[in-house]
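To start, the structure under review is shown below, and the notes come after it.
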Amino acid sequence: MKAKKHDTRWMVSVALMAAIVIVLANTPLGMIQLPIIKATTVHIPVILGAILLGPGAGAILGAVFGICSLVSNTMAPTLLSFAFSPFLSTTGIPGALKAIWISVGCRILIGVAAGWLWVLFTKIKLNQFIALPIVGFVGSMVNTVTVMGSIYFLFAQQYAEAKEVALTAVFGLVMGTVTASGIPEAIAAAILVLALGKVLVVVFRKMNLGAVNVESAK
């Protein structure tokens, strides 16, 4: 009975975190429009959810983030939305499946990677002031690297056509996005995850929530 109560509270907590993801994904705070692509802060609650509630919750929250991204790119398309929305595919069903992977699959990996990295840091009792920003930074970089890497490997030709550049220039442009957008996003994620996570870990511990024991070195 106690386990069932814990499961119910866990599901409610995941639902609340998912609501935060949805709200961020549908406001300027969550999806910042850049000339070519949409920069995001929506991965922050995904990373926090993975830390607080475990990798499984992180995967669910990542999927919610990905679906929001898919809808956003379908309803308000940008130059690269064909890589995020199966409905804007320029290469038929294969392109649609690739777009689903980039918009949803890559975002699921954020929660999985962040959650298991936190589990590792918890087991080795790494200080939270070190562990939290590392998980935030890595989780954010997983988002950027997997998304941009997938675009490079799966949509290089379409990317080159959209940017009106030679195919050989795509790698440099992708790396430029990772450097100019991904690294600042990761630094911001590290700071925010540390600031918010330090408080939330204590709160969730007192509430006996979470799929993993969040007790780590103090």
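Residue numbers start at 1 and run along the sequence shown.
Of the inter-residue distances, the one linking Q157 atom CD with T90 atom OG1 reads 10.0 Å to the nearest 0.5 angstrom. Atom-to-atom distance recorded for L70:CG and M75:CE is 11.5 Å, nearest 0.5 angstrom. Taking CD1 from I100 and CD1 from I67, the interatomic distance works out to 10.0 Å, rounded to the nearest 0.5 Å. The structure places CZ of F82 at 11.0 Å from NZ of K98, a figure rounded to the nearest 0.5 Å. Once rounded to the nearest 0.5 Å, the distance linking CH2 of W118 with CG of L132 reads 4.0 Å. One distance of note links CD of Q158 with OG1 of T91; it measures 5.5 Å at 0.5 Å rounding.
The shortest distance between side-chain heavy atoms of V147 and F84 falls below 4.5 Å.
Cluster annotation: L154 and L167 are assigned to the same hydrophobic cluster (Ile/Leu/Val/Met/Phe/Trp/Tyr, side-chain heavy-atom contacts under 4.5 Å, transitive). Residues V203 and V193 share a hydrophobic cluster, clusters being chains of Ile/Leu/Val/Met/Phe/Trp/Tyr side chains in contact below 4.5 Å. Note: the hydrophobic cluster containing L97 does not contain F155 (ILVMFWY, side chain heavy atoms under 4.5 Å, direct or indirect links). In this structure, L173 is a member of the same hydrophobic cluster as I151, with clusters built from ILVMFWY side-chain heavy atoms closer than 4.5 Å. Cluster annotation: W101 is not connected to L88 through the hydrophobic network of ILVMFWY side chains, with a link wherever side-chain heavy atoms come within less than 4.5 Å.
Taking every heavy atom of both residues into account, A189 and G136 meet most closely at CB-O, 3.5 Å. What you find for C106 and S150 is that their closest heavy atoms are SG-OG, 3.6 Å. Counting all heavy atoms, side chain and backbone alike, A76 lies closest to S81 at O-OG, 4.4 Å. Across all non-hydrogen atoms, the minimal contact from M141 to G182 is SD-O, 3.7 Å. Nearest approach of V170 to A160, heavy atoms of both residues: CG2-CB, 3.6 Å. The two residues A18 and L61 have their closest heavy-atom pair at N-CD2, 3.3 Å.
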Expected list for residues 42-59: side-chain donor-acceptor pairs under 3.5 angstrom, two or more places apart:
residue	atom	partner	partner atom	Å
H43	ND1	T40	O	3.4
H43	NE2	S140	OG	3.1

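Under the rule for a side-chain hydrogen bond (donor to acceptor under 3.5 Å, both in side chains), T146 has no partner lying at least two apart in sequence or in another chain. Scanning for ring-ring contact (aromatic ring centres under 6.0 Å, His included) contacts around F137 gives an empty result, with sequence neighbours left out. I124 is linked by a side chain to side chain contact (heavy atoms under 4.5 Å, CB included) to L120, F121, L126, counting only residues two or more places apart in sequence or in another chain. Residues passing the ring-ring contact (aromatic ring centres under 6.0 Å, His included) test with F87: none are found, sequence neighbours excluded. The side-chain hydrogen bond (donor to acceptor under 3.5 Å, both in side chains) test applied to T74 returns S85, not counting sequence neighbours.
For an aromatic pair to be called close, the ring centres must be under 6.0 Å apart, and F171 with Y152 satisfies this.
With no hydrogens or angles considered, no side-chain donor-acceptor pair links S69 and S72 at under 3.5 Å.
Just one residue in the list V23, L16, L24 forms a side chain to side chain contact (heavy atoms under 4.5 Å, CB included) with I20, and that residue is L24.
Of the possible polar contacts, one joining the R107 side chain to the S103 backbone as a donor-acceptor pair under 3.5 Å is found.
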